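Structure, as structure tokens:
Here the structure is a predicted model, which is why all the values come from computation and not from measurement. We use all heavy atoms of the structure for the numbers below, so side chains are in, but hydrogens, waters and symmetry mates are not. One-based numbering, in listed order, for ligands and for the atoms of each.
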Amino acid sequence: MTRHFLRDDDLTQDEQLEILDLADRLKRERWATQPLAGPRTVAVVFDKSSTRTRVSFAVGIADLGGSPLIISTASSQLGGKETPSDTARVFERMVEAIVWRTYAQSGLEEMAAGTTVPVVNALSDDFHPCQLLADLQTIREHKGRLAGLTVTFLGDGACNMAQSYLLAGATAGMNVRIAAPADYAPAPAVVADATRIADSTGGSIEIFVDPQAAVAGADIVVTDTWVSMGKEAEKAERLATFGEYRVNEALMATANSDALFMHCLPADRGFEVTAPVIDGAQSVVWDEAENRLHAQKALLVWLLEKNGLVAA
Ligand code: CP
Ligand code: NVA
């Protein structure tokens, strides 16, 4: 069966660590391996806007010796004109892997079910698992470990980043706290999956409404935009709701004194995070952005090897 990467819990804890170790190696030795030499092509498809994901996949695929084929859905036959599974059946005749940023998680599942090449979720409404690999690599670089650390995500608890923190953090054995208004809590099914995983890795899952209580004792404080792509019509209501979840210096001061600040970017400065925090000494957002490159290269190499598409 083809291994895909559609959600953070598609990897076991050991597999997540294998990929993070490879990501660290590829950061030290950027051109150490070129399994896509030929060049062999990876398709990278965008239904939504992107800067980091587009650049990091394009550069990473080229670093691996391959050729990135960047496709905008609007100028393709995806997006309602052809089913994801029919598109995937065409892609698989020509490319080694398909990377897709889209809306519904079900589209990714449909595409993955219909193809023999690995499908990678480059962000959906529900999850952003490539970002979490980069975040975990960054946390390990700065803290030396993952298991046992406490990470608090503040803001829209139902957004892709919060839900990916639940699954990836639980897989890593971390204590994951989400602080969100009651109407923006993570999906109960994701919390249940994360809790089951945490029970097996020694991690824990806690959902808070009170931001101060959630940040007390945290090793890592994370936030994300209050208005994710696709939620623009709710912008006014969201800005009016999320104010007390803004990460400012006072809130950061309630975390551990050596806590990291993280944000997947792009940031709405002055809304979910203030400039002194994102530009401050505890912020590691630029390392986090760079690590998209190394973590995704490691993921691609790992998936190609696991699926027998390149020699291990
Ligand atoms: N963090 C992230 O995925 O950024 P882009 O939307 O710019 O790709
Ligand atoms: N939650 C944000 C992440 C952007 C990288 C969004 O979906 O827009």
Side-chain angles (χ1 to χ4, degrees), residues 5-8 23 42-61 68 70-74 99-105 107-108 120-139 151 153-169 178-181 184-187 190 220 222-235 237-239 241-242 245-247 261-269 271-273 278 283-297 299-300:
F5 189 52
L6 307 185
R7 316 170 20 132
D8 309 84
V42 174
V44 190
V45 186
F46 290 94
D47 296 4
K48 295 175 176 171
S49 304
S50 168
T51 297
R52 277 144 289 271
T53 306
R54 188 184 304 255
V55 173
S56 55
F57 270 110
V59 172
I61 292 161
I70 310 289
I71 300 168
S72 155
T73 299
V99 178
W100 189 16
R101 168 168 287 193
T102 189
Y103 291 86
Q105 187 72 14
L108 282 155
V120 172
N121 178 358
L123 180 148
S124 65
D125 290 341
D126 292 347
F127 303 108
H128 197 359
C130 290
Q131 180 70 53
L132 260 289
L133 289 175
D135 282 28
L136 296 181
Q137 183 181 13
T138 309
I139 294 168
V151 55
F153 177 96
L154 298 119
D156 179 2
C159 84
N160 39 30
M161 281 301 295
Q163 299 202 142
S164 271
Y165 258 99
L166 284 170
L167 296 183
I178 305 292
Y184 295 89
V190 175
I220 302 114
V222 190
T223 190
D224 185 16
T225 179
W226 295 337
V227 190
S228 285
M229 291 180 277
K231 301 290 185 193
E232 292 81 359
E234 301 170 16
K235 182 170 180 178
E237 186 186 326
R238 285 168 170 263
L239 297 192
T241 304
F242 285 105
Y245 297 86
R246 175 174 299 120
V247 183
F261 172 75
M262 300 184 70
H263 190 310
C264 67
L265 307 176
D268 291 322
R269 286 163 175 262
F271 290 91
E272 74 271 11
V273 60
I278 196 169
S283 172
V284 292
V285 299
W286 312 115
D287 292 343
E288 183 183 359
E290 178 191 330
N291 285 341
R292 294 293 301 278
L293 172 68
H294 313 299
Q296 287 160 192
K297 285 171 67 181
L299 172 71
L300 285 176

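A donor-acceptor pair under 3.5 Å is formed between the side chain of R246 and the backbone N or O of F271. The closest donor-acceptor contact from the side chain of E288 to the backbone of W286 lies at 3.5 Å or more, if one exists at all. Distance alone, capped at 3.5 Å, places no donor-acceptor pair between the T102 side chain and the D47 backbone.
The two residues G157 and A162 come nearest to each other via the heavy atoms O-CB, 3.3 Å. In terms of heavy-atom proximity, P186 sits nearest to L166 at CB-CD1, 3.6 Å.
Near ligand 1, residues S50, T51, R52, T53, R101, H128, Q131, C264, L265, R292 each place a heavy atom inside the 4.0 Å sphere around the ligand atoms.
Of the candidates R292, H294, K297, Q296, Q296 is the only one forming a side-chain hydrogen bond (donor to acceptor under 3.5 Å, both in side chains) with S56.
When side chains are defined from C-beta on, M161 counts as touching D135, because their heavy atoms get closer than 4.5 Å.
Aromatic ring orientation, F153 versus Y165: tilted (interplanar angle from 30° to 60°).
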Practice prompt. Verify side-chain hydrogen bond (donor to acceptor under 3.5 Å, both in side chains) between Q105 and S124, making sure each step is shown before the conclusion.
Written response: CA-CA 6 Å; Q105 187 72 14; S124 65; 2.6 Å; yes
Present, as a list of atom pairs with distances to 0.1 Å, all nitrogen or oxygen contacts under 3.5 Å between ligand 2 and the protein.
unit_1   : atom_1 : unit_2 : atom_2 : d
ligand 2 : 1 (N)  : N160   : OD1    : 2.7
ligand 2 : 1 (N)  : D224   : OD2    : 2.5
ligand 2 : 1 (N)  : S228   : OG     : 2.8
ligand 2 : 7 (O)  : N160   : ND2    : 2.8
ligand 2 : 8 (O)  : M229   : N      : 2.8

